[in-house]
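The basis for the numbers below is simple: all heavy atoms, side chains too, and nothing from hydrogens, waters or symmetry mates. In listed order, ligands and their atoms are each counted from 1.
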Amino acid sequence: MDFQLLGNTQSVTQQDQTLIIKTAEATARVSVYSPTIIRVCVTRTPDKEDTSFAVIQQSSGELNYLESDTEVIISTSALLLRISKSPLRFSFYTADGKELSRDDDRFGINWQGDRVINYRKLYPDEKFIGLGEKVGNLNRRGWAYTNWNTDCPDYGVKTDPLYKSFPFFIGIYQGGTYGLFLDNTNKSYFDFGATTDNEMSWFGADNGDINYYFFGEQSVAGIIRDYTWLTGRMEMPALWSLGYQQCRWSYMSAKEVLDIAAKFREKQIPADVMYCDIDYMQDYKIFTWNEQTFANPKALLEKLKEMNFKLVTIVDPGIKIEEGYQQYDEGVEKGYFATYPNGEKFVGEVWPGRCHFPDFFRQDVREWWGKSFSALTEPGVEGFWNDMNEPAAWGQNIPGMVKFGDKFMPEVRNAYGMQMARGTYEGTRALLNNKRPFVLTRAAYAGTQRYSAVWTGDNTATDDHLLLGQRLVNALGVTGMSFVGVDIGGFTGNPTPELMVRWNSLGVYTPMFRNHAMQGTVMREPWEWGEANEQIIKKDIEQRYKLLPYIYSSFYQSCKNGLPVSRTLAIDYTFDEQVYNEAFQNEFLFGDSILVAPVISTRHSAEVYLPEGQWYRLSSDELYNGGEAYTVDAPLDDLPVFVKSGTIIPMQHIVQSTQEQGDGVLELHIWKGNEATSFTYYEDDGETYDYENGAYYLRTISYDPANQTLTISEGEGSYTSRFTQLQVILHGFDGKTVQPSTLTPQQINITL
Ligand code: MIG
């Protein structure tokens, strides 16, 4: 193996607004994207085209630097990048000189064969969060990870890698924060002090460049805002996709799908979505319907619609090799499938048998793929579940010489799922005539939030997975993926009734609330767990529906500033050590102010840490002082959920589906506090893109405890709220009440 260290600077030049530094080994390009974002790209192939699947912004064009004999200093209003020339090393500081992160002086950037690694100084108290769907602790210190999108059925609580790659982390130490995104789709590595005697952290990739964006915003939320500015944010989800989703591998016929849907209505358990897993297809051929069991998809969709249900259908990438099958014939004719270097089509075996794989890296292939969805959208499907797109094939290892686009598989594997989701999103958005598609993908790379929701693949029906799943959701949120779910109940194996009930109660506070189970497991629907448990499950699902106005407004924040709906406490309470304590690390905020403490099913009490401030238990209004841990009751019908004093939560009365009009009453719940608070309320039609043209409804709700007032600002936007009545509900106000009133669009002032 060749070992090569980035050596001494030979020249420093400016080209447009990029600083170009050459050494004998490599070229470094440095550019400024915003005052808090600086890009460094160190490459041995400077002539290669500069492309990215993740980044949607350009550099801002403002490069200020000073050069001396020994260093170059780039400065923005927020950051200093000190570049020592010989050897070439990079060190980042805040504008006022606080050190944030720097290369290890000795080893900095180097090449070990084709592999490129960046060794950085590791600070004694430095913590790391992020990387998305990765097992382990909230604080990744002492752990090492690989990014290589992998189908991993039965994954354990220590399995790495899983399905997705988000090479982005946030470092936290001595009151400072920074973020770093390595934009490289090769197999990549992150080591947070696992292997270097706590001296260095390091990251790198099997090939390509050390091409990173450094984020210097001094808060975790600010870094997430910047990262999602760079890589994009999600769109408003279809409201129905935030309701309860019932899935299974598989409901075997249209009749079974309809029977299950009807049972929700009969039992008055709210739900919005039914799923068809792979068995709805004819011989697993994508974009077909089984001729016997799903003979009349249009009728199925019409009946579901009458019951206020939407349908999500699965698609896999593998296209069955079978003459006469439309997608096969077209793909062969147009040359849309991935090939070996000699032009022969790659063959891999998946559910349909021998398959070819669409080359989603090509625009024409994505367009073709997107149009094929008419087989699903014509009968009325609006949700599209992208599975197996790591890509998975029996035997896993797609040969490295298979070409995707103009690259070989190892260079772009980690982005394949993202490009499939992109083709799915763009195609179905075009087909749905202004309606929002719901796209769900298993494999993903940084930036996938622009196209799709994600779920965490094939988890297991155990308490450990319930807790791990929450950490995965929370960590995905740090990396820009807000619309995230886990298989509630666990995919593999059968949960005990207690685990099912407990996990369902946590699902209420999960951005995507989907119950899913593997083939051959016991049925999972809410009524399968005995009468008493069914009542708890029903009550919890009802709670989800009551909270939908709050949840929808929380998603609005994700669209606006990238803040996830499920937030590890490390976002709001970054420097509180207890947040990283393994006993409390699974806790999270759901939206701005609901704190949820996941509890395993075998415990009926829990140790809960409440950060600074005062907190009320949501179910009882009992008041707790923050900054302390408490042992609280946690029976199966009462997950520990708290709200901070001063919290404002809009709720609605129970509906059986988001497709129901409801009674028009908006409840505003307020928990008494000492400090002024506010909540941004957002609403739109929940299903079209008209909000992009102003058809939304936005109001700021402000609570002022000093003057004992509640103010609702004048409605903004051209959409008329579906709520006409206002009911303010006070908590902790010593029995005070507020009379119901009409919800008018003018400013509303209420005395408390
Ligand atoms: O090889 O479509 O993760 O959710 O039910 C298994 C069948 C393929 C894996 C997905 C799972 C789905 C299953 N799929």
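Inter-residue side-chain proximity for Ser165 and Trp148 is flagged as unmet; no heavy-atom pair is nearer than 4.5 Å. Contact check for Lys403 versus Phe346: no side-chain heavy atoms found under the 4.5 Å cut-off.
Every atom of ligand 1 with a heavy atom of Ile314 under 4.0 Å away is listed here by number and element: 2 (O). If you number the atoms of ligand 1 from 1 as listed, the ones under 4.0 Å from a heavy atom of Phe491 come out as 4 (O), 5 (O), 11 (C). Listed by number with element, the atoms of ligand 1 under 4.0 Å from a non-hydrogen atom of His516 are 4 (O), 5 (O), 11 (C), 12 (C). Applying the 4.0 Å criterion to heavy atoms of Met388 picks out, from ligand 1, the atoms 1 (O), 8 (C). Residue Arg442 approaches ligand 1 through these ligand atoms, each under 4.0 Å from one of its heavy atoms: 3 (O), 9 (C), 10 (C). Every atom of ligand 1 is numbered from 1 in the order shown, and the set under 4.0 Å from a heavy atom of Asp458 is 3 (O), 4 (O), 9 (C), 10 (C), 11 (C). With ligand atoms numbered from 1 in the order given, ligand 1 contributes 3 (O), 4 (O), 10 (C) to contacts under 4.0 Å with heavy atoms of Trp455. Within ligand 1, counting atoms from 1 as listed, the ones closer than 4.0 Å to a heavy atom of Trp351 are 1 (O), 6 (C), 8 (C).
The residue from Asp487, Asp151, Asp387, Val350 that puts a heavy atom closest to atom 13 (C) of ligand 1 is Asp387.
When hydrogens are left out, the protein atom nearest atom 12 (C) of ligand 1 is Asp277 OD2, 3.4 Å; that is the closest non-hydrogen contact.
Counting heavy atoms under 4.0 Å from ligand 1, residue Met518 does not touch it at all. Contact annotation: for Tyr163 versus ligand 1, there are no heavy atoms closer than 4.0 Å. Under 4.0 Å from ligand 1, not a single heavy atom of Tyr275 appears. Of all the heavy atoms of Gln519, none lies under 4.0 Å from any atom of ligand 1, so neither backbone nor side chain is involved.
Using a cutoff of 4.0 Å between basic side-chain nitrogens and carboxylate oxygens, Glu687 and Arg436 are not scored as salt-bridged. A salt bridge does not link Glu390 with Arg413: every distance from a Lys NZ or Arg NE/NH1/NH2 to an Asp or Glu carboxylate oxygen is 4.0 Å or more. Looking at Arg502 and Glu498, no side-chain N of the basic residue comes within less than 4.0 Å of a carboxylate O on the acidic one, giving no salt bridge.
Residues Asn386 and Thr441 have side chains that never bring a donor and an acceptor to within less than 3.5 angstrom of each other. Checking Gln543 against Tyr509 by side-chain atom types alone, a donor-acceptor pair falls below 3.5 Å.
Not a single heavy atom of Tyr284 sits under 4.0 Å from any atom of ligand 1.
Note on ring orientation: taking the six-membered ring where Trp is involved, the planes of Phe168 and Tyr227 are parallel (angle under 30°, cut-offs 30° and 60°).
For the pair Arg450 and Tyr425, the cation-pi test (distance below 6.0 Å, angle within 45°) is failed.
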Working for salt bridge (charged side-chain N to carboxylate O under 4.0 Å, His left out), residues Lys320 and Asp283
CA-CA 9 Å; Lys320 185 176 177 63; Asp283 306 320; over 6 Å; no
